[in-house]
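This report refers to the structure that appears directly beneath it.
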Amino acid sequence: MPNKNATLTIADQSVSLPLVEGTHGPGCIDIGGLYHDTGHFTFDAGFGATAACKSAITYIDGEKGVLMYRGYPIEQLAEQSNFLEVAYLLLEGELPSDAEMTKFEHDVTHHTMMHESVKNFLHGFHYDAHPMAMLCAAIASLSAFYHDTTDNEDPAQRKLAAIRLIAKMPTIAAAAYRYSIGWPIRYPRNNLEYVTRFLHMMFEVPSEPLELNPVVAKALDLLFILHADHEQNASTSTVRLVGSTGANPYASVAAGIAALWGPAHGGANEAVLKMLAEIGDAKHVEGAVARAKDKDSGFRLMGFGHRVYKNFDPRAKIIREMTHKVLDALGVNDPLLEVALKLEEAALKDDYFVERKLYPNVDFYSGIIYKALKIPTEMFTVMFAIARTAGWIAHWIEQHEMPGGRIYRPRQLYVGATPRDYVVLGKR
Ligand code: CMC
């Protein structure tokens, strides 16, 4: 019988800590009783080695570059599935039967409209508001419209909130974009499937029909699959943290959108494109790499590095391959792709990046494809949010279904002033 405990020795005190095994991948040392038993916390800035919850949704092996949703390798899903089926898989844990898929598609399709007052709400923004700001606020506002889905204890309400979020996110995202360019909002056309419907809401004008190259919808669907979930990343952890307080699903997901916006996370795809445009020409790549290595420059290569992947990001591999196909199929000759490829080549053979295992991540190539699909730069992170909504709400539901859930409440290593007495004003 193998030892199911780890022993920790602090000075002359030894404590036995239970080992907990998952179904796949590294197990954990359960330190839940550590403070009670020893008076010590653990210190793990940025949670590099801390599992904050149990989850059965997504598995990552960062050393080997493996990503699986509910046990299915991302490569297989990318090749054979579609975004809405992946959303179902994330939510329900199993691939749907024909009847289940038809019902799910029907449910999502019939919740695509947004309340007319949400439109008015968006119109309160200044025309140059960033669409992520509009999306975040509008999604938070949904709890004020749908009181029938804010009882977190009711499984049917949780499910309906999930459907609403997945259904309305593209509608609100497209509306935010159109408002920013002064176009009338386009209502969802429910005879179209999820991604094509979104593209119509983005690009169709009232005066003429939209001719959509099917390559565009296919590429966007694939990007949505790749972005749909990524275990306990910063935005999903934010959704869970907010969710752990008992906050409603719309407020929890709005918090996830806010977390996603940062350039270290989902905002990287927008930042990559800006960086490539700033570099401008393949001949300036060497200088950019040198600047990224200089810690005083404050500049990092956006789209490089990952907290978990210390090998090629499997999503980046798929997108890299797709980038060439999409650009060829659309007849796009983007000089930024040349800059990107040169940058990738230079970084992959540079000792600084090799030693630190900094590989291109999912955001490095996605921006180039979004650009080829004519998605405006400031909408890149919004695209990520639409896809990640499936993962966020799957995690939020899992958190409410799994027994033993507690409020997320980390501790700290205090480094402030030691105890001192208050001195009244005039005597300081
Ligand atoms: N360019 C230059 N140096 C880098 C980079 C980079 N992109 N990323 C990490 N480093 C260096 C960093 O300076 C540090 O060096 P040293 O050991 O000498 O101090 C070392 O590599 C480790 O970096 P870290 O900041 O401790 O790593 P982390 O795990 O905390 O951060 C990261 C991960 C993704 C935030 C970071 O790599 C980064 O800022 N990358 C650029 C932003 C980006 O592309 N983000 C998208 C992530 S993937 C999609 C998503 O999550 O949304």
Side-chain angles (χ1 to χ4, degrees), residues 43-50 58 60 62-63 65-67 74 132 223-240 255-276 278-279 285-320 340 343-370 377 379-392 395:
F43 180 69
D44 179 20
F47 310 119
T50 297
T58 289
I60 302 176
E63 304 302 322
V66 171
L67 169 62
I74 192 67
M132 280 297 275
L223 287 164
F224 281 1
I225 294 175
L226 299 178
H227 280 105
D229 194 41
H230 213 229
E231 55 108 300
Q232 308 306 321
N233 59 88
S235 57
T236 303
S237 295
T238 303
V239 170
R240 278 183 175 264
I257 296 173
L260 186 75
W261 196 359
H265 191 10
N269 54 15
E270 184 176 338
V272 167
L273 213 79
K274 286 185 176 153
M275 175 190 73
L276 294 176
E278 262 167 44
I279 296 174
V285 159
E286 296 286 313
V289 171
R291 206 149 65 86
K293 295 193 293 185
D294 173 9
K295 304 278 186 215
D296 295 331
S297 71
F299 171 73
R300 283 186 168 199
L301 283 191
M302 299 315 288
F304 274 80
H306 197 276
R307 168 62 61 80
V308 181
Y309 292 122
K310 301 301 170 198
N311 197 321
F312 232 92
D313 178 337
R315 304 165 300 172
K317 258 192 204 164
I318 297 170
I319 300 189
R320 186 183 197 278
L343 189 61
E344 181 197 47
E345 188 191 326
L348 286 179
K349 62 177 191 220
D350 189 293
D351 284 349
Y352 173 97
F353 290 88
V354 173
E355 279 160 19
R356 291 170 179 76
K357 300 187 176 170
L358 300 170
Y359 291 88
N361 59 47
V362 67
D363 289 326
F364 187 66
Y365 308 99
S366 61
I368 296 171
I369 301 196
Y370 285 140
T377 314
M379 283 295 283
F380 288 3
T381 314
V382 172
M383 298 293 116
F384 196 155
I386 294 173
R388 188 55 59 85
T389 298
W392 287 331
H395 280 269

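First listed ligand is number 1; within each ligand, the first listed atom is number 1.
Judged by the shortest distance from any of its heavy atoms, Tyr352 lies inside the 4.0 Å radius around the atoms of ligand 1. Residue contact annotation: Asn233 has no non-hydrogen atom under 4.0 Å from ligand 1.
Ligand 1 has an N or O atom lying under 3.5 Å from an N or O atom of Leu301, backbone or side chain. Annotation: Arg315 places no N or O atom under 3.5 Å from an N or O atom of ligand 1; distance criterion only. Between Ala292 and ligand 1, a contact under 3.5 Å exists for no N or O pair. Residue Phe304 has at least one nitrogen or oxygen atom sitting less than 3.5 Å from a nitrogen or oxygen atom of ligand 1, judged on distance alone. Where the criterion is an N or O separation shorter than 3.5 Å, residue side chain and backbone included, Ala264 meets it with respect to ligand 1.
Proximity of Pro263 to ligand 1, defined as any heavy-atom pair under 4.0 Å, is confined to the backbone N, CA, C and O atoms. If you look at Phe384 next to ligand 1, the close heavy atoms, those under 4.0 Å, all belong to the side chain. Residue contacts with ligand 1, taken as heavy atom pairs separated by less than 4.0 Å, involve Leu358 solely via side-chain atoms from C-beta onward. Contacts between Val272 and ligand 1, counted as non-hydrogen atom pairs separated by less than 4.0 Å, are absent for every part of the residue. Heavy atoms from both the backbone and the side chain of Arg300 come within less than 4.0 Å of ligand 1. Heavy atoms of Lys295 found under 4.0 angstrom from ligand 1 belong exclusively to the side chain.
For an aromatic pair to be called close, the ring centres must be under 6.0 Å apart, and His230 with His395 fails this.
In plain terms, the two heavy atoms of Phe224 and Ala387 that are nearest each other are O-CB, 3.4 Å. The two residues Pro263 and Ala268 have their closest heavy-atom pair at O-CB, 3.3 Å. Nearest heavy-atom pair across Phe304 and Leu343 is CZ-O, 4.3 Å. Closest of all the heavy-atom pairs between Lys310 and Tyr359 is O-CE1, 3.6 Å.
In this structure, Arg320 contributes its side chain and Val362 its backbone to no donor-acceptor pair below 3.5 Å.
Residues satisfying the side chain to side chain contact (heavy atoms under 4.5 Å, CB included) criterion with Asp294, sequence neighbours excluded, are Asp296, Ser297. Scanning for side chain to side chain contact (heavy atoms under 4.5 Å, CB included) contacts around Lys317 gives Phe312, with sequence neighbours left out.
Close approach to Ala268 involves these atoms of ligand 1, each under 4.0 Å from a residue heavy atom: 43 (C), 44 (O), 45 (N), 46 (C). Each of the following atoms of ligand 1 lies closer than 4.0 Å to a heavy atom of Gly305: 34 (C), 37 (O). Atoms of ligand 1 found under 4.0 Å from any heavy atom of Arg307, numbered from 1 in the order shown, are 28 (P), 29 (O), 30 (O), 33 (C).
Given atom 48 (S) of ligand 1, the protein heavy atom at minimum distance is His306 CD2, 3.4 Å. Scanning the protein heavy atoms around atom 17 (O) of ligand 1, the nearest turns out to be Arg356 NE, 3.7 Å. Scanning all protein heavy atoms for the shortest distance to atom 42 (C) of ligand 1 gives Met302 CE, 3.5 Å. Here the protein heavy atom with the shortest distance to atom 51 (O) of ligand 1 is His265 ND1, 3.1 Å. Looking only at heavy atoms of the protein, atom 49 (C) of ligand 1 is closest to Asp363 OD2, 3.2 Å.
Distances from atom 44 (O) of ligand 1 to the heavy atoms of Gly266, Ala316, Gly303 put Gly303 nearest.
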Exercise for review: Would you please test Asn233 and Arg388 for side chain to side chain donor-acceptor pair (under 3.5 Å) and show each step?
Suggested key: CA-CA 11 Å; Asn233 59 88; Arg388 188 55 59 85; 3.2 Å; yes

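One finds a salt bridge joining Lys274 and Glu270 here, because a Lys/Arg side-chain nitrogen approaches an Asp/Glu carboxylate oxygen to under 4.0 Å.
Put simply, atom 30 (O) of ligand 1 has protein non-hydrogen atoms near it, under 4.0 Å away.
Here CD1 of Ile74 is found 6.0 Å from CD1 of Ile318. Values are rounded to the nearest 0.5 Å.
The aromatic rings of His265 and Phe384 sit perpendicular to each other, their planes meeting at more than 60°, with 30° as the lower class boundary.
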